[in-house]
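Below is one structure; the comments refer to it alone.
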Amino acid sequence: MLLSENAIKVLERRYLAKDKDGKLIETPVDMFNRVARHIAQADKVYDEKADIEKIEKDFFDMMANLEFMPNSPTLMNAGRELGQLSACFVLPVEDSMEGIFDAIKNAALIHKSGGGTGFSFTRLRQRGSAVKSTGGVASGPISFMKVFNSATEAVKQGGTRRGANMGILRVDHPDIMEFISCKEDSNEITNFNISVGITEKFMEAVEKGENYDLIDPHSNQVVDSLNAKEVFDTIVSMAWNNGEPGIIFLDRINKANPTPGLGEMESTNPCGEQPLLPYESCNLGSINLSRMLKKVGSKYELDYEKLGETVDKAVHFLDNVIDVNKYPLAEIDKMTKSTRKIGLGIMGFADILFYLGIPYNSDEAVALAEKIMGFIDERSKKKSTELAKQRGVFPAYDKSIYKEKGIEIRNSTTTTIAPTGTISIIAGASSGIEPLFAISFVRNVMDNDKLIEVHPYFEEVAKERGFYSKALMERIASEGTLAHIDEIPEDVKRIFVTAHDISPIWHIKMQAAFQNHVDNAVSKTVNFPNEATKKDVEEVYTLAYRLGCKGVTIYRDGSRQDQVLSTKKKDEPKKEEENKEKTIKPRMRPSITQGMTEKVRIGCGNLYITVNYDENGICEVFTNVGRAGGCPSQSEATSRLVSIALRSGMDVKSVVEQLKGIRCHSTLRQRGTNKDIKVLSCPDAIGKALERVMNTYVEDVNPTVNDIAMEIEREASEDYSSCCVPHNELTISNEISVGVEMKPKSEKSTCPECGNMVEHEGGCVICRSCGFSKCG
């Protein structure tokens, strides 16, 4: 197979089936066979004589040859018990307590199955408005977003990652200013991407500098007005500050709504590329353009014949997914099958530009984007029309724009440009339509060794042109760009540009070029250098509107403490204090703390875990193994290192992410016969205890032991498969109680799972070393 070593590691960690002890029970070939076999079965629904073996082989070949990949849940779950194959969903949030908590419950079910969710909070009445049923006042949409966020934090997908959400509020909601700034502190509402729903009226008012109306969603009456330009400037300022909020052009999305008879689209999936009606889901897949090249003489060309054949098979595959999918809610099953939306997109666009010798930041590249996506869009609709003749049109056809046009088609949409973070790692391709983030980068491996990863075609060119050396590749990894490296020929620099070599205007031009030929939307991050101004951000937002984009997300280099990959040269002047040698030393252990002690059953007996904190947060962990024995020295060593890390300022979340999921053979062996064992190892138990205290004390409160017990009881009562937490015995630690103010620290620039650098792309954050993604 064509899989890279890194692709195999990502598959083993996240996709391949494992037994109850965590041992792999399938290979990548097995996985592709499992998926192909399951998806091919849908053909029997429409044709009893269908050649299932041929269809299965077609599906297997295009995945095994890395020509096409479906979205991650399909790879993970097709042919397995869970069977949920969709990546993302939109749920309605009704303006009632029942409606709000129904949405929270439904989101939890979706997150548990591996999907992400989008919400519009616009229906919720504004903060301070009257609630007649109770005689009280409404707390507003932002307060409920925090409840959704907490619920997401409690549910891990498959025991490995948090769910992802999109939160949208219309710009004419009375609480819009609070919403715009609700993530000014990057520690707030961490499981949401947020976007402002922009209307045409608002943009017209911005251009004229006029006021616009704020509408009470409950009464539909005008309750106030704001100056549109001032609101727009606030959006720009917040985005410049840390990348949020993004913007979604709601009127533009609904102008392209294929089924207006079913209602308006009010939200998108977490990365913004899939506008959906309430209860719809998206079924996505991407063609790897780097596998669509052919060599003619000494040059490369795009093989449109092969591309067309791959589009046909991919549309067939995605339509089948809709029928064999096990949806988490009956409402989603009904709505998804009613509109039969699929979203075929691409990855590897930056790769083919290298092979074709075209700079990303050029009119030639923009023209090629138009040509490629125009071809895919037209061909996908031709195939969908063919399927309609064999299988019938989508059930909501009579409420669609296609009925008016007299076009009989199987799928109400066929194209989407999604972020392909993890599946592009598997395919060995650049992500979506993004420029390459780095030509060369360092990946940490075992025992502090560092592996230099270089784009294969750049390495090939460097060797052919005679300027390759390991030292040069390390320098490129350090600088993040070729721009200032004299050893590299100018014509090579011109072609091998990376995200930060490209001005934001070209990012938007490229997004708009693809959007012209995409039914749904385009997931794209516009990367800015650190020195970019708010005026620069404003120009990009305005250009996105004028060029017909359906939304836009930006990220300014270094604007968050979870910094990705800085392209700043190491020899640039720094402030005097930054040049001083910095040594991290743990703060002294406080003389007064308070905390909790849990008794947890492990394979070797009982483990007693004490977690203590003071006014600065969690500061220490102690463990004690019961009389049954075990490995007390290892538990003690883990506790000491964790305590030092915490008092040195390390984020508690990062420590938890590293500890949870570690497995111990002794504990796993005993777990099969002892129902009291609910953890995977001593480190896993310590991580869960830390997380429990962190979650319980995240607000400015001083909870009682009963609060903690209720938290454990709540978690233990939920059936979260492998990620459920134990119902443990609990005691309060023998310490003096003091008031506590503990808030999670900001995330770091490194991946919480493997320690390598992460990248902002496609409206999300992705680690290309292990496949970690903040967007699920």
Side-chain angles (χ1 to χ4, degrees), residues 164 166-167 180-196 234-248 268 270-273 350 360-361 417-421 430-438 441 480-481 497-511 521-544 549 551-568 746-751 757-768 772-775:
M166 169 65 84
I180 291 169
S181 60
C182 72
K183 293 193 70 175
E184 183 175 10
D185 180 349
S186 59
N187 297 319
E188 291 289 333
I189 317 183
T190 54
N191 296 301
F192 270 87
N193 292 333
I194 65 167
S195 288
V196 177
T234 305
I235 295 171
V236 167
S237 180
M238 288 297 104
W240 178 90
N241 181 57
N242 66 5
E244 295 202 75
I247 55 177
I248 298 289
T268 73
C271 294
E273 79 277 7
Y360 190 99
N361 48 345
I417 300 292
T420 59
S430 57
S431 181
I433 65 166
E434 298 283 6
L436 206 66
F437 207 88
F441 67 95
T481 175
V497 290
T498 57
H500 287 291
D501 297 321
I502 299 165
S503 73
I505 301 302
W506 286 108
H507 283 276
I508 288 295
K509 285 184 176 181
M510 191 62 74
Q511 180 177 342
V522 176
S523 187
K524 178 89 179 67
T525 296
V526 179
N527 292 105
F528 283 86
N530 180 263
E531 62 271 16
T533 65
K534 294 177 183 179
K535 186 67 175 176
D536 296 329
V537 176
E538 178 185 348
E539 288 177 355
V540 161
Y541 275 9
T542 303
L543 185 63
C549 296
V552 63
T553 300
I554 70 104
Y555 179 73
R556 183 174 62 87
D557 188 37
S559 63
R560 292 183 191 168
Q561 288 187 341
D562 62 340
Q563 165 59 25
V564 190
L565 180 64
S566 176
T567 60
K568 186 181 292 185
S746 61
E747 297 173 15
K748 306 300 181 184
S749 60
T750 53
C751 173
M757 302 299 284
V758 294
E759 302 171 8
H760 283 266
E761 60 178 34
C764 190
V765 175
I766 180 73
C767 173
R768 298 194 71 79
F772 166 80
S773 170
K774 284 195 72 173
C775 297

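A quick note: this is a predicted structure, and the numbers were derived from the prediction, not measured. By convention here, the first residue in the shown sequence is residue 1.
Counting all heavy atoms, side chain and backbone alike, P419 lies closest to S431 at C-OG, 4.5 Å. Nearest heavy-atom pair across A350 and S430 is N-OG, 3.4 Å. Among all heavy-atom pairs drawn from A499 and P435, the shortest one is CA-CG, 3.8 Å. The shortest heavy-atom contact between P270 and A164 is CG-O, 3.5 Å. Across all their heavy atoms, E188 and C182 have their closest contact at CB-O, 3.7 Å. The minimum heavy-atom distance linking N241 with E184 is given by the pair ND2-O, 3.7 Å.
The main-chain N or O of D557 is found under 3.5 Å from a side-chain atom of N530 such that the two form a donor-acceptor pair. Checking side-chain atoms of R556 against main-chain N and O of F528 turns up no donor-acceptor pair under 3.5 Å. A donor-acceptor pair is defined here as one N or O able to donate and one able to accept, closer than 3.5 Å; no such pair exists between the side chain of W240 and the backbone of S559. Judged by distance alone, the side chain of K524 and the main-chain N or O of I417 form no donor-acceptor pair under 3.5 Å. No donor-acceptor pair closer than 3.5 Å links the side chain of D501 to the backbone N or O of T481. Side-chain atoms of E434 come within 3.5 Å of backbone N or O of T525 as a donor-acceptor pair.
Put simply, the side chain of I554 reaches to within 4.5 Å of the side chain of Y541, judged on heavy atoms. A 4.5 Å side-chain heavy-atom check between L543 and V540 finds every atom pair outside the cut-off. Between P245 and M238 the shortest side-chain heavy-atom distance falls below 4.5 Å.
One distance of note links CG of N361 with OG of S503; it measures 7.0 Å at 0.5 Å rounding. In this structure, the separation between CD1 on I433 and OG1 on T420 is 10.5 Å, given to the nearest 0.5 Å. With values rounded to the nearest 0.5 angstrom, I235 atom CD1 is found 13.5 Å from K534 atom NZ. For the atom pair OG1 (T190) and NZ (K183), the distance works out to 7.0 Å, reported to the nearest 0.5 Å. Taking CD1 of I194 as the reference point, atom CD1 of I248 lies at 11.5 Å (rounded to 0.5 Å). Atom OG1 of T268 and atom CE of M166 lie 4.0 Å apart (nearest 0.5 Å).
Each of T498, V758, N527 was evaluated against F437; a single residue qualifies, N527, per the side-chain contact (heavy atoms from CB on, under 4.5 Å) test.
The aromatic rings of H760 and Y555 sit parallel, their planes meeting at an angle under 30°, below the 60° perpendicular limit.
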